[in-house]
Amino acid sequence: MSIDTDRTVESTTANGSDLGASLSVKDLRIAYGEVEAVKGISFDIRPGEFLTLLGPSGCGKTTTLRCIAGLEPASGGSITIGDTVVAAPGKHVQPEKRGINMVFQSYAVWPHMTVARNVGYGLKGVSKQEADHRVEEVLELVGLAPYAQRYGTELSGGQQQRVALARAIVTRPKLLLFDEPLSNLDAGLREQMRFEILELQRAVGITAVYVTHDQTEAMSMSDRVVLLRDGLIEQADTPREMYRRPRSEFAATFVGRANALPATITGSRDRAEVHGIPNPVVAAEAAAGEGASVAAVFRAENVKAGAEAEGLENAWSATVTRFGYLGRTLDVQYAVGDHEVRGELAPDTPLTPGQAITIGVAATDVHFVPRAEA
Amino acid sequence: MAVKQLRTALVAVLAAGALALAGCSSTPAPAPTDDTAGGYDPTTATSTPADDMEALVAAAQAEGALTLYTDGTLATQQAWAAEFTAKYGIQVSIVRDSGGPLYQKFAQEEAAGQGQADIFGNIDALSLDDAIDNGWLTEYTPEGGPAFPADRSRAGYYYPYLMGSSHSVIYNTNNVTPEELAEVQENPLKALADPKFKGRIGLCPPQLAMLAAAFWYQYTDGDGASDVGWEGLADIAANVAIITDTATLTQNVIQGEVDFAFPVADSLVGNALKADPNTPIAFVYPSPTVGTQFGMGVVTDSPHPAAARLFAEWASSLEGSDGLAELSGNLNLREGGVDGRAYSELDWFTPVDLDTVVNSAVYTQDEAFRDAAGPDGDFLGHWSQVFGYAG
Amino acid sequence: MSLLQKGSRPSAEQRTDGNRLEAATVSISTKTKVQRRRPPSPLSVVTLIVLLGLVVAPLVMVFIGAFLNGAPGLPKSDWSLKAILSVYASPDYLWPLVGTLILAVVTAGLSVVIGTLFAWLVARTNMFIRRVLEWGVILPLFISPFIGAVAWNLLGAPRSGIINTNLRWLLGLDDDAVLINISTMPGVVFVMLLYFMPYAYQLVGSSLRNMDPGLEEASYMNGRGIIATAFKVTLPIVRPALTAAFFMIAILATGVFTIPLALGVNTGFAPLGMHVYLKMTQFPVNPPVAAAIGTLIFWLTLLGIYFYRRSIRNARRFVTLGGKATRRREVKLGWMRVPATVLVALFGLFAAVLPIIALLITALTPYAMTDFRSMQFSLETITQVLGSIDVWNSLLNTVWLSLLAPTLAVLVAFAVAYVVVRERGRLGGALDYLATFPVAVPGIVFAMGILWLYIRTPIYATVAVLTIALVAAFLPTATRFSTTGLMQIDPSLEEAARMSGASRMRAALTITLPLVRPAILAAWSLLFIFASREVNETVLLALPSTRPLAVLAWDHINANDPGAAAVVSILLMLFMAAGLLIARFVFRTRLDSSNL
Ligand SMILES: Nc1ncnc2c1ncn2[C@@H]1O[C@H](COP(=O)(O)OP(=O)(O)O)[C@@H](O)[C@H]1O
Ligand SMILES: [Mg+2]
């Protein structure tokens, strides 16, 4: 499947949702003893929306998700699902009372139960007939109907993943949480499951919070992405905005392949000096005040070379240091002064290591973002 | 599925079996008695006139059970109790332990109001007297009580239904040569100091019972001191292989691990010979020696007061005391009772000279001994040092 | 679309502001954090109360008893420092203390070395008849250590022991030749080794079996041989199990008294545990001093517990599951194959076969006979013992005790483990420590505390009081099994249940409990054996109506009737074997050294 970065928030809302609930997280803090893993984050999700918490390992994604689930107590802030405040100072609604469900990274398929019993586990207060019917329906939906009587341990990773999924939606939760559900699958299966999860979420109309450290996954599935770093929100946007207008060097480099040259804004505000490069870097938009330390950010696919580079606002003479064949593109690394710049070229471009070449970037493709702290 | 059914069946059978076993061993609840005609109450009486015997038996049988605390030999006590059960249909449970711990257990239970014992027996007269002082033994004089020697009883409280015994030097009849035996019979403790008995002697330390302490005390501070004394004991110490309790010592002599052991009650030899007359064990009495009897009395807070009184009546009767003498193979203290001693007809046996026997009734009153062997005295420590004993 | 709210990072300026703000609010947020600490869960509170009654109260009674001049509750008992001073402020117990430590360390060290060697031989090498020989290491668990010691006294007494007596005439030696003398300190260590080593074998063995074979294979690939691999890879990985076994056995050996007592050792040195026993039984009986020595041992073993727990904590880090599907490379022993087989076989011979033969001989001879040439046999002792109602009454008590005590111990331990591993609340650490306390005092001292505590209650003189004593005594073992079992279960399995709408209770009962079943059954089977053969804890508390078989055997030994004791012991072993076979059938478990 292709990456559908153009899907907008509007289109989801148009889909509508009578099942999904809204979620509102306000100034959420979560501490483990003396250490604060989540340091005060806020975001809102509309009913039926698919939101991803993205960030490097250890940034607090799982912790946040588990806190929404009620598996971890908040140490500050509040969480509201629909109209119900489920976590607030002095208040903690038990996980089973929140009307939500979750798909775990490890699948958590109970090995001592059959697939059918795993899926039917959460159907309490429902007649047996009705429960059987719903289990059947959901298993059909995830394509596991023939495996209903197998035990959890007798399934492949992908099948276990589907059991976990079926078990999570059979209770018809208002909100569905995913914690890196695809990280244990092989690449091909991951692509397929990405698609299936999305289909399912759309079909059922559930609100979804999805946690991943894989930016491709985040970009391809989400209505909105919340980028976390060290327990704080770095940026929250639609995937397209996040990609086009990263608001920090971290956001720029974490999402997609980007270059970030350390620079200092000059008097004309749309220019910045980069140490060791003769001409200032030019951007289309003006940035913060004169003398500010920024990073000049531009994406690898926007780095042109040779004839294409000529006439661009930013053109530098560079040396090819390394390149690798990726099939659709050629991944090239250049040296410009003492900086490294990554670029992409057409796969059939003839190159030799050490070759001198002119490279360039259009001003519209360059952004100045605040420099990351050392 | 067959396996599953089988398993269920098995569980059911086991459960049923456990219940059945529980049913068999539980005793019927004692029925209340209203048989207290004529002012005689079988549960509180201090004696039972002949006319009221029937009432006592009926009340005791209604109670149906009895618990005997004793430090006598378990097998003998069981066999004896079985005769009582056979006659009256009253089940007897026996709590058997060494004198000291048994009294500890008894005292703690009585003090906590958790009395389990109906009859309390102990070799240690001091414990029995202490129990009376604390009100744990009640006054009861069975009909046959006066037939036991008064100086070994406490009239109205406890009587030596269990046989008297004197401490002796026991030996293995297979492993001791006639010459050695002659020397030992002459003067046991002096002879055993000879180096030729090295590694062949087992001892019961004074820490094991007050009676053992009294025995050793006779040879350090009493009549035997001039003959043996601490120096003589040091010579014996060089020959000693085992220091342990009398039951283990007896076993070791029978097995041939050691050839001599002392001080060991003659009653233990009686028990062993009664169990099997071929057991290769015999004894000689040293002089001086100590003697005692197992006193038994009725417990104040007895859970089965009528059964306890009936047992006292039966134990003091000729039938009861002869039965015990026969079973234990030991001396009968009752007037007119049979001499049940298993060894009295055997040719090695020489009766003890009762003048040389210091009785527990005497030594427990001896202040000097009580101080020396008490927690603050140095007698026990001195003995351990001489014999290299860790206890 | 203002998705960004306070605390997120839209720009550099805002971020620095935010940081300043954060710094300003740190004190506030920590304060609210302290206020809103999760309250202890109901389960942890209930478990704490149970442990207070089961573990703490008896220990407190022991400490109180040490400050009296007689047993608590007796009319003449009063406060006194005498017992405490006589133990702590006199040199009398210094040498026993040092000696006990040495004894414990030597026994534990040897047990671990031999246990590890045996575990490695059975798990990794091509030693002959491994499955059969393994039973030689497991069978001793069925023999109460004191019965084993009694049997070894019959076998190894210097003059009359079965071995010496018969080898003398078989080999034509002098009448006073002594080939083996068990009544010595090395003899005590030897017998302790026979009956404590299986614990080390078990711990190290399961650690070896659970180890990822790839770790050793990687070492072979790197050109290391068998010996280098064993010492450089295998040993360091099972090291936590080794240390755990070491401290467990050292703690056991610190409190032991039955073995030196039964072997009649007379060396002028007695371990502290034996002093406790003697003070409880010898004239003049002195419970306060026994309690005071008990407290001394408590401090000593508390130290051991500290290290034991540390090693166990490390063991958790080392749990490496999986890899069971790959066949392990079998180490070829070469010429060592026969000697190794003989070595392990000899252990089984010494620990199980010979003692059982000695017991059979004792049961079948009218009085103690050790010379095969003059032995006579009769069934009299057997018929006499089996004919008495006592034995059947005791069998029933053993049935109750061996079913109730392990079941309750496992339940309490599971609750403790759940609080410790899953809830990780404030009470977890306390519960974890409390549950290991019972190993800190010798059984007889702990039983003394139970006796003093419960003698005023209606449960005294019932099997219940014995059950309570055993549940407390088994808690450390049961907790160890439950904790390790629980740690191996991915918490998300339970969390998935919560997410599917199950309450904490339902999740624990439908998910956690079935999954820890193997660990729990393993604990149960082991405790079933312990409960059946236990004497130390029960001897003080049992009455004729509540006395189990093991105590009956002890009473027969005390009453100078080894024949009857032997019959009862054999009956007890048959009971244990039958019990385990039935358990295996009912629970559908396989029995091997990993769950025994
Ligand atoms: N149980 C815990 N105890 C202490 N710290 C924890 C615990 N769980 C997570 N953390 C810490 O909290 C931070 C966030 O962890 P997590 O939410 O799991 O990260 P991720 O974004 O990879 O899911 C990490 O620094 C981690 O070390
Ligand atoms: Mg995570």
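Letters go in sequence order (proteins before strands), and every chain restarts at 1.
Residues meeting the salt bridge (charged side-chain N to carboxylate O under 4.0 Å, His left out) test with Glu285(A), sequence neighbours left out: Arg245(A). Contacts of Arg498(C) classified as salt bridge (charged side-chain N to carboxylate O under 4.0 Å, His left out), with partners at least two apart in sequence or in another chain: Glu96(A).
The part of Val109(A) that comes within reach of chain C is its backbone (N, CA, C, O), which places non-hydrogen atoms under 4.5 angstrom from that chain. Heavy atoms closer than 4.5 Å to chain C are found in the side chain of Arg66(A), but not in its backbone. In this structure, the portions of Ile511(C) lying under 4.5 Å from any heavy atom of chain A include both its backbone and its side chain.
Residues Met499(C) and Val103(A) fail the side-chain proximity criterion, which asks for heavy atoms closer than 4.5 Å. The closest side-chain heavy-atom distance from Gln94(A) to Arg504(C) is below 4.5 Å.
The two residues Ser492(C) and Ala108(A) come nearest to each other via the heavy atoms O-CB, 3.4 Å.
Near-neighbour residues of residues 167-176 of chain A relative to chain C, defined by a heavy atom under 4.5 Å from a heavy atom of that chain, comprise Arg167(A), Thr171(A). For residues 113-126 of chain A, a heavy-atom distance under 4.5 Å to chain C picks out Met113(A), Tyr121(A), Gly122(A), Lys124(A), given by residue number.
The distance from atom CH2 of Trp110(A) to atom CG of Asp490(C), rounded to the nearest 0.5 Å, is 12.0 Å.
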